[in-house]
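In what follows, a structure is listed as structure tokens, so that the remarks can point back to it.
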There are 2 protein chains.
Amino acid sequence: MPTPDRTSLEQIIGAAREILESDGLAGLTMQAVAERVGVRAPSLYKRVRSRDALIGLVAEATILDLGERVNAINSSPDPRKDLAALARVFRAFAHERPTGYRLIFGWSAETARPERGSFASSVGPLLRITTELVGPDDALSAARTFTAWANGFLSMELAGAFQLGGSVEDAFEYGIARLADAFTRP
Amino acid sequence: MPTPDRTSLEQIIGAAREILESDGLAGLTMQAVAERVGVRAPSLYKRVRSRDALIGLVAEATILDLGERVNAINSSPDPRKDLAALARVFRAFAHERPTGYRLIFGWSAETARPERGSFASSVGPLLRITTELVGPDDALSAARTFTAWANGFLSMELAGAFQLGGSVEDAFEYGIARLADAFTRP
DNA sequence: ACCTGAACACCGTTCAAGT
DNA sequence: ACCTGAACACCGTTCAAGT
């Protein structure tokens, strides 16, 4: 006789995301997730292959959230402004959900890598902007330069790696301005 | 009656570094280190406070290695060339010791953060270069822009995050050139 | 069909007992 | 003074037994 479901994959992922933000990746144990959704740890394996797989699902859900924000930017006639807006959306997201951001962009190789294509909804807008700025031939390299910078900057900021004083805010805006300049062909 | 030492802190750190590169951070267990240096796991605690502390020591040793390479760059009259050389030294190091590089620059917050000041020997040369390029007022922001970019780029490259085709090598050189341009005041 | 307790293999870490 | 076995608390994961 089948018993009614006591939880769901969605609920499990939701619980995992909450634990991740409050207790960090190390606190994201199967027991903690199980307790939060009201079952015992072994039951989770009916819906999730492993802890790593669950972390992967959390990462993917977080990427989708970020993609929504990116696509909510309404593009202006000035691609330099769009580039700045994109950078600031990333930064706001990183500040709001630091652990989730690190999970996605930490590239730690310890956690499951998100599916190829998960980032598509964020990459599209960026490539459109860089194509406008530097033309199709350099658009991909420019996008990579921008992503690497934003990504590296926010990872360092979240880790408290900027220890030499000065305004981190200013350094971020400085980076936006310099990159926009660099991408503006003379 | 004292027994002769059967290992040393240096040997322990050395073993940990080897294991890190061959088996990754997850493979770096106290038991694995102990086996490699020829003692039992509990003995390690005579020389190291915890696994996290050991990881911190490994990180610091790796940072010192990188600092040596950076200081081995003989500066040219053209700061743009120095900036390019610095970027390539970082990249070569990242390729040679990917796990060590990720440990230092992963900023994962899960691993112990290296001591404030460990990076001093790498930061000094960079600040000298950016000061020459953009002047003292913007030198720190420029250094942060460069570090964030290099850091982010190499983390992504090591993680295999550049999945849209094209030459990653070209994208790196493109980034160097654009940043050097951006730092060259018109 | 889902859930559970019990069990397994593996961690990091502590500590009393050896030499 | 260093080293060890034994033990503890905690993981992720498997599986037979329940409903």
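All values below come from the heavy atoms of this structure, side chains included, with hydrogens, waters and symmetry mates left out. In what follows, chains carry the letters A, B, and so on, assigned in the order in which the sequence lines appear, proteins first and then strands, with residues in each chain numbered from 1.
Residue-level contact check: A:Thr7 touches the backbone only, with heavy atoms under 4.0 Å from sugar-phosphate atoms and none from bases. Heavy atoms of A:Ser43 sit under 4.0 angstrom from at least one base atom.
Between C:dT13 and B:Arg49, no contact under 4.0 Å exists linking OP1 or OP2 to a side-chain N or O. Residue B:Arg6 places none of its side-chain N or O atoms closer than 4.0 Å to OP1 or OP2 of D:dA1.
Within the 4.5 Å cutoff, the side chain of A:Leu66 has no heavy atoms near those of the A:Arg97 side chain.
B:Thr184 and B:Arg80 share a side-chain donor-acceptor pair at under 3.5 Å. Checking B:Asp82 against B:Ser75 by side-chain atom types alone, no donor-acceptor pair falls below 3.5 Å.
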Check: So what does the secondary structure string of DNA chain D come out as, 5' to 3', with Watson-Crick or wobble pairs under 3.5 angstrom, [ ] for crossing and | for pairs with another strand?
Finding: ||.|||||...|||||.||
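In this structure, of C:dT13, C:dC3, D:dC2, it is C:dT13 that holds the atom nearest to the side chain of B:Ser50. The side chain of A:Gln31 approaches D:dG12 more closely than any other nucleotide in the set D:dC2, D:dC3, D:dG12. Taking only side-chain atoms of A:Val39, from C-beta outward, the nucleotide of C:dC3, D:dC11, C:dT13 with the closest atom is C:dC3. Checking C:dC2, D:dC3, D:dG5 against every side-chain atom of A:Arg47, the shortest atom distance belongs to C:dC2. Minimum atom distance to the side chain of A:Tyr45 is reached by D:dG12, of the listed C:dC11, D:dC3, D:dG12. The B:Arg51 side chain lies nearest to C:dG12 when the options are C:dT4, C:dG12, D:dT4.
Between the B:Ser22 side chain and the B:Ile19 main chain, a donor and an acceptor come within less than 3.5 Å of each other.
Going from atom CZ of B:Arg40 over to atom P of D:dC2 covers 19 Å, rounded to whole Å. One atom, CD of B:Glu35, and another, P of C:dC11, lie 10 Å apart when rounded to the nearest Å. B:Met30 has its CE atom 8 Å from the C1' atom of C:dG12, to the nearest Å. Rounding to whole angstrom units, CD1 of residue B:Ile12 and C1' of C:dG12 are separated by 15 Å. Summarising the geometry, the separation between NZ on B:Lys46 and C1' on D:dT4 is reported as 11 Å, rounded to the nearest angstrom. Here the P atom of nucleotide C:dT14 and the CG atom of B:Leu44 are 13 Å apart, to the nearest Å.
Judged by closest nucleotide on DNA chain D, B:Asp5 is the one of B:Pro42 and B:Asp5 placed further toward the 5' end.
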Check: Can you list the steps and then say if A:Phe172 with A:Trp149 is a ring pair (Phe, Tyr, Trp, His ring centres under 6.0 Å)?
Finding: CA-CA 10 Å; A:Phe172 192 72; A:Trp149 164 76; 5.0 Å; yes
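Annotation: cation-pi pair B:Arg144/A:Phe153 absent, no NZ/CZ under 6.0 Å from the ring centroid and within 45° of its normal.
Residue-environment remark: CD (A:Glu18) exceeds the threshold of 12 foreign heavy atoms within 6.0 Å.
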